[in-house]
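Contents: one structure, followed by commentary.
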Amino acid sequence: MFRLTIFILFATLAVGCSKPSEGNEKKTIFVSIAPLKQLVEEVTCGDFPVEVLVPEGMSPEIYDPSARQLTEVSDAQLLFTTGLIDFERRVAERLAKEGNIVPLSKGIKLLAGCCSHHHDGSGHKHGVDPHIWTSPRELKRMVETIHETMKTRYPDSLKYDVATEGLISCIEQLDSLCASTIANSGVKSFMIYHPAYTYYAHHYALKQVAVEQEGKEPSPRQLAAIVESARSEGTATILIQPQYAIDKVETLAKECGAKVVVTDPLAEDILSEIERVTEIICHKDE
(Lines give C-alpha, C1' and ligand atoms only; values in the text may rest on other atoms or scores of the structure.)
Protein backbone atom coordinates (compact mmCIF):
# COMPACT_ATOMS: atom_id res chain seq x y z
CA MET A 1 0.00 0.00 0.00
CA PHE A 2 2.75 2.46 0.90
CA ARG A 3 4.56 1.78 -2.39
CA LEU A 4 1.38 2.77 -4.21
CA THR A 5 1.23 5.95 -2.13
CA ILE A 6 4.81 6.77 -3.13
CA PHE A 7 4.02 6.21 -6.80
CA ILE A 8 0.92 8.44 -6.66
CA LEU A 9 2.81 11.18 -4.82
CA PHE A 10 5.72 11.19 -7.25
CA ALA A 11 3.33 11.16 -10.23
CA THR A 12 1.46 14.13 -8.75
CA LEU A 13 4.67 16.05 -8.15
CA ALA A 14 5.79 15.35 -11.71
CA VAL A 15 2.57 16.80 -13.09
CA GLY A 16 2.75 19.84 -10.83
CA CYS A 17 6.36 20.63 -11.69
CA SER A 18 6.73 22.34 -15.03
CA LYS A 19 9.61 21.32 -17.28
CA PRO A 20 12.27 23.82 -18.30
CA SER A 21 11.40 25.69 -21.45
CA GLU A 22 12.77 24.38 -24.73
CA GLY A 23 16.08 25.87 -25.66
CA ASN A 24 16.91 26.49 -22.02
CA GLU A 25 19.36 23.64 -21.64
CA LYS A 26 20.40 23.04 -18.06
CA LYS A 27 23.55 21.31 -16.92
CA THR A 28 23.50 17.80 -15.55
CA ILE A 29 23.41 17.14 -11.81
CA PHE A 30 25.43 14.15 -10.65
CA VAL A 31 24.83 12.02 -7.57
CA SER A 32 27.36 9.60 -6.17
CA ILE A 33 25.03 6.64 -5.54
CA ALA A 34 21.65 5.55 -6.90
CA PRO A 35 19.52 6.20 -3.74
CA LEU A 36 20.25 9.92 -4.09
CA LYS A 37 18.96 10.12 -7.67
CA GLN A 38 15.24 9.97 -6.98
CA LEU A 39 15.56 12.47 -4.12
CA VAL A 40 17.23 15.04 -6.37
CA GLU A 41 14.82 14.41 -9.24
CA GLU A 42 11.80 14.93 -7.00
CA VAL A 43 13.10 18.08 -5.31
CA THR A 44 14.09 19.63 -8.65
CA CYS A 45 10.87 18.54 -10.39
CA GLY A 46 12.81 16.81 -13.15
CA ASP A 47 14.26 20.13 -14.33
CA PHE A 48 17.74 18.65 -14.70
CA PRO A 49 19.17 15.42 -16.04
CA VAL A 50 20.45 13.45 -13.02
CA GLU A 51 23.28 10.93 -13.50
CA VAL A 52 24.67 8.37 -11.04
CA LEU A 53 28.43 7.90 -10.75
CA VAL A 54 28.49 4.32 -9.45
CA PRO A 55 27.25 1.91 -12.16
CA GLU A 56 24.33 -0.36 -11.29
CA GLY A 57 25.43 -3.56 -9.59
CA MET A 58 28.81 -2.20 -8.50
CA SER A 59 29.70 -1.64 -4.88
CA PRO A 60 30.73 1.93 -3.96
CA GLU A 61 33.44 0.36 -1.83
CA ILE A 62 35.44 -0.79 -4.86
CA TYR A 63 34.43 1.95 -7.27
CA ASP A 64 36.86 4.46 -8.71
CA PRO A 65 35.61 7.06 -11.23
CA SER A 66 37.14 7.14 -14.70
CA ALA A 67 38.89 10.20 -16.12
CA ARG A 68 35.89 10.74 -18.40
CA GLN A 69 33.50 10.76 -15.45
CA LEU A 70 35.68 13.24 -13.58
CA THR A 71 35.58 15.53 -16.60
CA GLU A 72 31.80 15.23 -16.82
CA VAL A 73 31.41 15.95 -13.10
CA SER A 74 33.73 18.93 -13.40
CA ASP A 75 31.46 20.37 -16.09
CA ALA A 76 28.27 19.52 -14.22
CA GLN A 77 26.17 21.92 -12.23
CA LEU A 78 26.35 19.99 -8.95
CA LEU A 79 27.47 16.72 -7.42
CA PHE A 80 25.49 15.47 -4.42
CA THR A 81 27.32 12.92 -2.26
CA THR A 82 27.03 11.48 1.22
CA GLY A 83 30.48 12.89 1.92
CA LEU A 84 31.36 9.69 3.76
CA ILE A 85 32.34 7.10 1.15
CA ASP A 86 35.96 6.75 0.06
CA PHE A 87 35.52 7.44 -3.64
CA GLU A 88 33.42 10.55 -2.92
CA ARG A 89 36.30 12.02 -0.98
CA ARG A 90 38.76 11.18 -3.73
CA VAL A 91 36.52 12.92 -6.27
CA ALA A 92 36.24 15.98 -4.03
CA GLU A 93 40.03 16.11 -3.63
CA ARG A 94 40.63 15.80 -7.38
CA LEU A 95 38.07 18.38 -8.41
CA ALA A 96 38.12 20.73 -5.41
CA LYS A 97 35.22 22.74 -6.86
CA GLU A 98 34.03 24.76 -3.94
CA GLY A 99 30.24 25.02 -3.82
CA ASN A 100 29.63 22.43 -6.55
CA ILE A 101 30.12 19.31 -4.45
CA VAL A 102 27.44 19.02 -1.78
CA PRO A 103 27.81 16.42 1.02
CA LEU A 104 24.38 15.38 2.28
CA SER A 105 25.68 14.30 5.67
CA LYS A 106 25.38 17.93 6.79
CA GLY A 107 23.39 18.17 10.02
CA ILE A 108 23.29 14.40 10.55
CA LYS A 109 24.66 12.84 13.72
CA LEU A 110 27.10 10.25 12.44
CA LEU A 111 27.23 6.83 14.02
CA ALA A 112 30.13 4.54 14.70
CA GLY A 113 30.43 1.56 12.38
CA CYS A 114 32.82 -1.27 11.71
CA CYS A 115 32.19 -1.70 7.99
CA SER A 116 35.26 -1.60 5.80
CA HIS A 117 35.36 0.90 2.95
CA HIS A 118 38.94 0.76 1.67
CA HIS A 119 40.59 1.70 4.92
CA ASP A 120 43.84 2.70 3.26
CA GLY A 121 44.06 6.18 4.72
CA SER A 122 42.13 7.80 1.88
CA GLY A 123 38.66 6.67 2.84
CA HIS A 124 35.92 7.83 5.13
CA LYS A 125 36.74 8.36 8.76
CA HIS A 126 37.65 5.13 10.49
CA GLY A 127 34.80 4.00 12.67
CA VAL A 128 32.11 6.13 10.97
CA ASP A 129 29.28 4.29 9.25
CA PRO A 130 28.46 5.96 5.88
CA HIS A 131 25.01 4.43 5.22
CA ILE A 132 22.98 7.50 6.20
CA TRP A 133 20.47 6.99 3.37
CA THR A 134 18.98 3.79 4.84
CA SER A 135 17.01 5.57 7.59
CA PRO A 136 13.93 7.77 7.00
CA ARG A 137 15.05 10.29 9.63
CA GLU A 138 18.38 10.85 7.90
CA LEU A 139 16.72 10.83 4.46
CA LYS A 140 14.52 13.70 5.58
CA ARG A 141 17.55 15.80 6.51
CA MET A 142 19.25 14.90 3.23
CA VAL A 143 16.21 16.11 1.27
CA GLU A 144 16.27 19.36 3.23
CA THR A 145 19.92 19.88 2.27
CA ILE A 146 19.15 19.23 -1.41
CA HIS A 147 16.34 21.77 -1.21
CA GLU A 148 18.51 24.36 0.55
CA THR A 149 21.14 23.96 -2.16
CA MET A 150 18.69 24.38 -5.03
CA LYS A 151 16.94 27.34 -3.39
CA THR A 152 20.27 29.12 -3.02
CA ARG A 153 20.81 28.79 -6.77
CA TYR A 154 17.19 29.26 -7.84
CA PRO A 155 15.46 31.36 -5.14
CA ASP A 156 12.41 32.05 -7.32
CA SER A 157 11.61 28.38 -7.93
CA LEU A 158 8.66 28.04 -5.57
CA LYS A 159 7.79 24.69 -7.11
CA TYR A 160 10.88 23.25 -5.39
CA ASP A 161 9.32 24.21 -2.05
CA VAL A 162 6.10 22.37 -2.90
CA ALA A 163 7.94 19.32 -4.21
CA THR A 164 10.14 19.14 -1.11
CA GLU A 165 7.18 19.40 1.25
CA GLY A 166 5.48 16.55 -0.60
CA LEU A 167 8.57 14.34 -0.51
CA ILE A 168 9.19 15.02 3.18
CA SER A 169 5.55 14.16 3.91
CA CYS A 170 6.03 10.88 2.10
CA ILE A 171 9.19 10.10 4.11
CA GLU A 172 7.38 10.92 7.36
CA GLN A 173 4.57 8.52 6.41
CA LEU A 174 7.16 5.84 5.76
CA ASP A 175 8.79 6.55 9.12
CA SER A 176 5.47 6.16 10.93
CA LEU A 177 4.67 2.96 9.05
CA CYS A 178 8.05 1.40 9.86
CA ALA A 179 7.84 2.41 13.52
CA SER A 180 4.37 0.93 13.99
CA THR A 181 5.20 -2.25 12.07
CA ILE A 182 8.32 -2.86 14.16
CA ALA A 183 6.54 -2.06 17.43
CA ASN A 184 3.65 -4.40 16.64
CA SER A 185 5.99 -7.22 15.56
CA GLY A 186 7.99 -7.30 18.78
CA VAL A 187 11.17 -7.82 16.76
CA LYS A 188 14.30 -6.60 18.56
CA SER A 189 17.08 -7.52 16.12
CA PHE A 190 17.89 -8.56 12.58
CA MET A 191 20.86 -10.23 10.91
CA ILE A 192 22.67 -9.01 7.81
CA TYR A 193 25.89 -9.93 6.03
CA HIS A 194 27.32 -6.42 5.58
CA PRO A 195 26.16 -3.83 8.16
CA ALA A 196 24.33 -1.42 5.87
CA TYR A 197 21.38 -0.53 8.10
CA THR A 198 23.15 0.97 11.11
CA TYR A 199 21.15 4.23 11.02
CA TYR A 200 17.90 2.38 10.43
CA ALA A 201 18.61 0.09 13.38
CA HIS A 202 19.56 3.02 15.63
CA HIS A 203 16.44 4.99 14.72
CA TYR A 204 14.08 2.10 15.49
CA ALA A 205 16.01 0.76 18.51
CA LEU A 206 16.90 -2.49 16.77
CA LYS A 207 20.08 -4.53 17.09
CA GLN A 208 21.83 -5.11 13.77
CA VAL A 209 23.80 -8.36 13.90
CA ALA A 210 26.44 -8.29 11.15
CA VAL A 211 28.04 -11.45 9.82
CA GLU A 212 30.95 -9.52 8.34
CA GLN A 213 33.38 -8.41 11.03
CA GLU A 214 35.32 -5.22 10.22
CA GLY A 215 35.21 -6.03 6.53
CA LYS A 216 36.33 -9.63 7.03
CA GLU A 217 34.73 -13.03 7.29
CA PRO A 218 34.04 -13.95 10.95
CA SER A 219 36.42 -16.18 12.85
CA PRO A 220 35.12 -19.58 14.05
CA ARG A 221 34.60 -18.13 17.53
CA GLN A 222 32.73 -15.11 16.14
CA LEU A 223 30.66 -17.38 13.89
CA ALA A 224 29.66 -19.55 16.84
CA ALA A 225 28.55 -16.45 18.75
CA ILE A 226 26.51 -15.28 15.74
CA VAL A 227 24.74 -18.65 15.48
CA GLU A 228 24.00 -18.67 19.20
CA SER A 229 22.62 -15.13 19.00
CA ALA A 230 20.46 -15.98 15.99
CA ARG A 231 18.97 -19.01 17.68
CA SER A 232 18.26 -17.19 20.94
CA GLU A 233 16.66 -14.26 19.08
CA GLY A 234 14.66 -16.55 16.81
CA THR A 235 16.20 -15.03 13.69
CA ALA A 236 14.12 -16.07 10.67
CA THR A 237 16.03 -14.30 7.90
CA ILE A 238 19.55 -13.21 7.07
CA LEU A 239 19.78 -10.21 4.77
CA ILE A 240 22.46 -9.92 2.11
CA GLN A 241 23.09 -7.28 -0.53
CA PRO A 242 23.23 -8.15 -4.25
CA GLN A 243 26.82 -6.86 -4.32
CA TYR A 244 27.88 -9.95 -2.31
CA ALA A 245 27.75 -13.64 -3.24
CA ILE A 246 24.84 -15.38 -1.55
CA ASP A 247 27.00 -18.39 -0.67
CA LYS A 248 28.67 -16.24 1.99
CA VAL A 249 25.67 -16.82 4.27
CA GLU A 250 23.98 -19.99 2.99
CA THR A 251 25.78 -22.32 5.41
CA LEU A 252 25.20 -19.92 8.28
CA ALA A 253 21.50 -19.71 7.43
CA LYS A 254 21.19 -23.51 7.62
CA GLU A 255 22.92 -23.51 11.01
CA CYS A 256 20.48 -20.87 12.27
CA GLY A 257 17.40 -22.37 10.63
CA ALA A 258 16.90 -19.12 8.72
CA LYS A 259 16.37 -18.18 5.10
CA VAL A 260 18.53 -15.81 3.04
CA VAL A 261 16.82 -12.75 1.57
CA VAL A 262 18.47 -10.30 -0.82
CA THR A 263 17.81 -6.63 -0.11
CA ASP A 264 19.46 -3.67 -1.80
CA PRO A 265 20.41 -0.61 0.27
CA LEU A 266 21.67 0.88 -3.00
CA ALA A 267 18.26 0.69 -4.67
CA GLU A 268 17.25 3.85 -6.52
CA ASP A 269 13.77 3.68 -4.96
CA ILE A 270 15.20 3.63 -1.48
CA LEU A 271 11.90 4.50 0.24
CA SER A 272 10.21 1.39 -1.09
CA GLU A 273 13.27 -0.68 -0.21
CA ILE A 274 13.20 0.56 3.39
CA GLU A 275 9.55 -0.46 3.61
CA ARG A 276 10.43 -3.87 2.16
CA VAL A 277 13.26 -4.39 4.65
CA THR A 278 10.86 -3.59 7.47
CA GLU A 279 8.36 -6.15 6.19
CA ILE A 280 11.10 -8.77 5.91
CA ILE A 281 12.58 -8.37 9.38
CA CYS A 282 9.09 -8.22 10.90
CA HIS A 283 8.11 -11.37 8.97
CA LYS A 284 5.36 -9.56 7.05
CA ASP A 285 6.67 -10.79 3.71
CA GLU A 286 5.68 -14.39 4.34
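Not measured: the values here are computed from a predicted model.
Within the 3.5 Å criterion, the main-chain N or O of Glu148 finds a donor-acceptor partner in the side chain of Thr152. Judged by distance alone, the side chain of Thr251 and the main-chain N or O of Asp247 form no donor-acceptor pair under 3.5 Å. Put simply, the side chain of Thr235 never gets that close to the backbone of Thr237: no donor and acceptor are under 3.5 Å apart. Distance alone, capped at 3.5 Å, places no donor-acceptor pair between the Ser272 side chain and the Asp269 backbone. The backbone N or O of Ile171 lies less than 3.5 Å from no partner atom in the side chain of Asp175, so there is not a single donor-acceptor pair. Here the side chain of Asn100 pairs a donor or acceptor atom with the backbone of Gln77 at under 3.5 angstrom.
Taking the six-membered ring where the residue is Trp, the centroids of Tyr199 and Tyr204 are separated by 6.0 Å or more.
In this structure, the separation between OG1 on Thr181 and NE2 on His283 is 13.0 Å, given to the nearest 0.5 Å. Between the NZ atom of Lys207 and the CE atom of Met191 there is a distance of 9.0 Å, given to the nearest 0.5 Å. With rounding to the nearest 0.5 angstrom, the CE atom of Met142 is 8.5 Å from the OG atom of Ser105. The structure places OG of Ser185 at 8.0 Å from NZ of Lys188, a figure rounded to the nearest 0.5 Å.
Nearest heavy atoms, Pro265 versus Ala196: CG-CB, 3.8 Å. Between Ala34 and Val52, the shortest heavy-atom contact is N-CG1, 3.5 Å.
Put simply, the side chain of Thr81 reaches to within 4.5 Å of the side chain of Leu79, judged on heavy atoms. With contacts defined as side-chain heavy-atom distances shorter than 4.5 Å, the pair Lys106/Arg141 qualifies. Using a 4.5 Å heavy-atom cutoff, the side chains of Thr145 and Val102 are in contact.
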Problem set entry | side-chain contact (heavy atoms from CB on, under 4.5 Å) between Tyr244 and Val211, intermediate numbers included | CA-CA 12 Å; Tyr244 298 93; Val211 176; over 6 Å; no
Problem set entry | Steps toward side-chain contact (heavy atoms from CB on, under 4.5 Å) verdict (Ile168, Glu144) | CA-CA 8 Å; Ile168 286 178; Glu144 291 170 347; 3.8 Å; yes
For this session: Starting from the C-alpha separation in whole Å, work towards a yes-or-no answer on side-chain contact (heavy atoms from CB on, under 4.5 Å) for Ser189 and Leu206.
Result: CA-CA 5 Å; Ser189 66; Leu206 294 170; over 6 Å; no
Exercise. Which is it for Phe30 and Val50 under the side-chain contact (heavy atoms from CB on, under 4.5 Å) test, yes or no, and what are the steps along the way?
Worked result: CA-CA 6 Å; Phe30 276 86; Val50 180; over 6 Å; no
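For the 3.5 Å distance criterion, the side chains of Tyr154 and Asp47 fail to qualify, holding no donor opposite an acceptor. Side-chain contact of Thr198 with Gln208: a donor-acceptor pair under 3.5 Å is present, judged by distance alone. Between Gln241 and His194, the side chains place no donor N or O within less than 3.5 Å of an acceptor N or O (distance only, hydrogens not considered).
The list of ring pair (Phe, Tyr, Trp, His ring centres under 6.0 Å) pairs with a residue in residues 133-153, not counting sequence neighbours, reads His131-Trp133. The stretch residues 221-230 participates, sequence neighbours left out, in these side-chain hydrogen bond (donor to acceptor under 3.5 Å, both in side chains) pairs: Ser219-Gln222. Contacts classified as salt bridge (charged side-chain N to carboxylate O under 4.0 Å, His left out) and involving residues 230-244 (residues at least two apart or in different chains) are given here: Arg231-Glu255.
Every residue meeting the side chain to side chain donor-acceptor pair (under 3.5 Å) condition with Glu172, not counting sequence neighbours, appears here in chain and number order: Lys140. Partners of Glu88 by side chain to side chain donor-acceptor pair (under 3.5 Å), not counting sequence neighbours, listed by chain and number: Ser32, Thr82. Judged as a side chain to side chain contact (heavy atoms under 4.5 Å, CB included), and not counting sequence neighbours, the contacts of Ser66 are Arg68, Gln69.
Lys151 pairs in a side-chain contact (heavy atoms from CB on, under 4.5 Å) with only one of the listed residues (Thr164, Asp161, Ile146), which is Asp161.
With respect to the salt-bridge test (charged N to carboxylate O, under 4.0 angstrom), the residues Glu51 and Lys37 do not qualify. Between Arg276 and Glu273, at least one side-chain nitrogen of the basic residue sits less than 4.0 Å from a carboxylate oxygen of the acidic one, meeting the salt-bridge criterion. A salt bridge is absent between Asp75 and Lys27: the closest approach of a Lys/Arg side-chain nitrogen to an acidic carboxylate oxygen does not fall below 4.0 angstrom.
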